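None of these values were measured; they are calculated from a predicted model.
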There are 2 protein chains.
Amino acid sequence: MENVKNKMVNVNGIDYRWPEKPVVVVCIDGGDPEYLQQFVAENELPNIQRFIQDGFAMVADGSMPSFTCPNNMSIITGTPTSKHGISGNYYLDTKTWEPVVMTGPELLRGETILARFADAGAKVVSITAKDKLRRQLGKGLDVSQGHVSFSTEFVDRCTIEENGIENVLDYVGMPKPDMYSMELSLFVLEAGIKLLKERRPNLMYLSLTDFVQHKWAPDEAEALQFYRQLDNAFGRLAEQDIVLALTADHGMSDKSNDLGEPNVIWLQDILDAKFGTGEVTVVCPITDAFVAHHGALGGFVRVWSKGNVSAQDIISHISVIDGVDLALDKKTACRMFDLPEDREADVVVVSRKDVCIGSSSSLHDLTGLQGHRLRTHGGLTEARVPMILNRPLNAAYKARVAGEDLKSYQVFDFAINGTQ
Amino acid sequence: MENVKNKMVNVNGIDYRWPEKPVVVVCIDGGDPEYLQQFVAENELPNIQRFIQDGFAMVADGSMPSFTCPNNMSIITGTPTSKHGISGNYYLDTKTWEPVVMTGPELLRGETILARFADAGAKVVSITAKDKLRRQLGKGLDVSQGHVSFSTEFVDRCTIEENGIENVLDYVGMPKPDMYSMELSLFVLEAGIKLLKERRPNLMYLSLTDFVQHKWAPDEAEALQFYRQLDNAFGRLAEQDIVLALTADHGMSDKSNDLGEPNVIWLQDILDAKFGTGEVTVVCPITDAFVAHHGALGGFVRVWSKGNVSAQDIISHISVIDGVDLALDKKTACRMFDLPEDREADVVVVSRKDVCIGSSSSLHDLTGLQGHRLRTHGGLTEARVPMILNRPLNAAYKARVAGEDLKSYQVFDFAINGTQ
């Protein structure tokens, strides 16, 4: 048998050691540090509390914009958004002037940690709640070699050829969850626990969805119920002699007023009134196919000009709107938020913590909120995320944390290289 | 004797336990995390490395603007700048239109941790390199009660009445250091080591100066020489059975071009050319009496309008200047940087990491650089600082770090409440 003890796998410029034990990374979608803060203080999460005391735990910088796709790609490639290129769920193709969905693997730059390890002979598993992430997470991964890659969303359609596994509902022993349910995330964890036990892969990535956090604040019973179940599942993962790493793609902020109505800036309407219809286009890069719980409203939007209005004029008009924190030109936004310039708009707008930004009021459907307060993300105020390991850092990584900012895209690096 | 084990001291809303051992907090002025990162990687700092491995170490948020006075006041009061009010070394009094030095204790809002502990019966010591900090650090402290408060700058003038100590040069056994020397900081530490040994105060605050970091980058021999001496002094403090906490007031960035010339935006000149002389006033709040090593240039300036030019017009003109990261109105700046509104300008400007901002080129003297590259601070890129404790966190504070951002103004809280 090959001696793998000293084998290194280089992915996008970072050297990863060969994992002595399985490494499992969980991305708690929308897992704002506030949930942990509250439930840990209430002694509700015994497993996570043990990781915090015996392992390593702090708050890290997530990638901007604080959306699901950019951060999952940061985590799975170990690189910032400027390198992997997935800077939102959508960007505007200025040749056709149409928004382009950014979920295709061909748009992802660089390689995934999973695919490179698979090439090097590791067994890997990737499970995600929503299918929009699956293809990018599985980029370059040949599932015919015994790897697994599927989403709960399409769990009933899994095939050996496409997903490396079939009959997953029977295998996990749970019914197919609704797209708007906490089970959509819990299914990911149960599948991971069973695959870990039976196949013991070297690397496993489990990416949840943020239905619960969009809907319920830390002080609501449903949020606690969800986190208790997460904690229980984390305990069953950790007891299998693994390195377990927990992080989040982004946080979550309440963006409603005292009456419970959403605080929304309808930016397309404001800019059309100022510059005339058709001159500038506002894109909300939070948009995906399932928006009932946030109405495609987030804390970060992009503005493209057709050419007649300058970025300076747009910035000047936007920066004084109450509820806007930052209105930045492309170059400044890319430098400050580590974004790829070739996919960036002329102007980037970030809202205040309690405010979100939409395009035109006629284009957003808020009936899906069903009386809930609007909770969403995208801005700087949702770009801080937990990073928790069930094992303590080694000496070299303790020194790293003392001298540099921790980025959530380093979670595989810390889990693999920082604990052995 | 009074049972002090369960005694609590409340300072500005935070409860502090009674320290079982002396607590010594050192503020390494200009102690950018980069210095630690480099010298720890080179195994040059054995004592700090021991603290990192056996105690607690990470990078924390400093207060904005990343200057000396605001951050020292944040540390000594345990509050953000919005509460203690010292938002720079200078602010503009719009009644007289004159800049006001912010070093007077009457401008400091709230109480210092030292003074409240002294009131409660503790013995406290405060030593600072430059005298500009001494009066605010000593606010409310009655040195006739056995406490000590002095600066290296005026070490030869210390009296029992004013400083609680006299003949300090003889006491420490070092000659009076030059204002532009690394000994100005080292004297603070030597005095602290001796006072700790002989008087064993309950709390001690030692605040250094950033002459070395302004002048030398982490890869220059003088910087290493200074940090070796700091590390040696920290070792001699730590061996006296204390809780030792190390932090910094701000970081330090190189702000010169490839030719070694400073990258400066002369903002007053730019605004005068646009709006006419006398309409707006640029204040550089880094200014103090000793500016040879930075020429009063920093990464954060304030702009006040006399009333004819709107904040929006000023922002619009400034935000497109190459080298400006942020140009914010008063309200946004105060919200984002936790600043006091009543002392804030109409517009706040933050520069890019490699650029600094001055007022009018005729008002800054750069001859003091003597051929050195300009290294300075003030902006967001210098607002991340180390926080290191020689003892591990207790369970409650490990949980805190897992759920919330660490602020350098919490260093006394962590040192006192987080380690016992």
Side-chain angles (χ1 to χ4, degrees), chain A residues 32-41 43 45 48-49 51-61 246 310-313 315-317 319-320 322-329 331-333 335-336 350 352-353 380-381 384 386-388 393-396 398-406, chain B residues 32-41 43 45 48-49 51-61 246 310-313 315-317 319-320 322-329 331-333 335-336 350 352-353 380-381 384 386-388 393-396 398-406:
Chain A
D32 197 284
E34 275 190 19
Y35 291 94
L36 283 181
Q37 203 180 1
Q38 171 144 349
F39 302 145
V40 166
N43 275 318
L45 308 175
I48 292 175
Q49 285 169 244
F51 307 154
I52 291 170
Q53 296 306 325
D54 301 342
F56 166 75
M58 57 176 276
V59 184
D61 288 329
L246 311 175
S310 72
Q312 185 176 5
D313 285 345
I315 290 170
S316 174
H317 196 64
S319 65
V320 291
D322 184 46
V324 167
D325 264 355
L326 300 175
L328 304 172
D329 65 82
K331 224 173 143 181
T332 305
R335 185 175 58 246
M336 290 188 69
V350 179
R352 201 168 70 202
K353 185 171 171 63
L380 272 177
T381 49
R384 295 282 289 165
M387 195 194 287
I388 298 178
L393 293 184
N394 58 28
K398 278 190 184 175
R400 267 185 72 171
V401 168
E404 63 182 66
D405 291 347
L406 183 65
Chain B
D32 196 285
E34 276 190 19
Y35 291 94
L36 282 180
Q37 202 180 0
Q38 170 143 352
F39 302 145
V40 165
N43 274 317
L45 309 175
I48 291 175
Q49 285 169 242
F51 307 154
I52 291 171
Q53 296 305 325
D54 302 341
F56 166 75
M58 56 176 276
V59 183
D61 288 329
L246 311 175
S310 73
Q312 185 177 5
D313 286 343
I315 289 171
S316 175
H317 197 64
S319 64
V320 292
D322 184 47
V324 167
D325 264 355
L326 300 175
L328 303 172
D329 64 83
K331 227 174 142 181
T332 305
R335 185 175 59 246
M336 290 188 68
V350 178
R352 200 167 70 201
K353 185 172 170 63
L380 273 176
T381 49
R384 295 283 289 165
M387 195 194 288
I388 298 177
L393 294 184
N394 58 28
K398 277 189 185 175
R400 268 186 72 172
V401 168
E404 63 182 65
D405 291 346
L406 183 66

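- The shortest heavy-atom contact between B:A57 and A:V401 is O-CG1, 3.5 Å.
- Annotation for A:E404 and B:Q37: closest pair OE1-NE2, 2.7 Å, computed over non-hydrogen atoms.
- Residues that satisfy the side chain to side chain donor-acceptor pair (under 3.5 Å) test with A:D61, not counting sequence neighbours, are A:R384, A:K407.
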message = Show, in sequence, the C-alpha distance, side-chain angles and deciding distance for B:V320 and A:D329, and conclude whether the side-chain contact (heavy atoms from CB on, under 4.5 Å) test is met.
response = CA-CA 8 Å; B:V320 292; A:D329 65 82; 5.6 Å; no
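- Chain B forms more heavy-atom pairs under 4.5 Å with one residue of A:A41, A:A327, A:A399, A:A395 than with any other, namely A:A395.
- Taking CZ of A:R400 as the reference point, atom CD1 of B:I52 lies at 13.5 Å (rounded to 0.5 Å).
- A distance of 4.0 Å separates CE in B:M336 from CG in A:L326, rounded to the nearest 0.5 Å.
- Ranked by heavy-atom pairs under 4.5 Å with chain B, the list A:S316, A:A333, A:A60 is led by A:S316.
- B:K331 NZ to A:D325 CG: the interatomic distance, rounded to the nearest 0.5 Å, is 11.5 Å.
- To the nearest 0.5 Å, atom OG of residue B:S319 and atom CG of residue A:L328 are 9.0 Å apart.
- A pairwise comparison of heavy atoms in A:Q53 and B:K398 identifies O-NZ, 2.8 Å as the closest pair.
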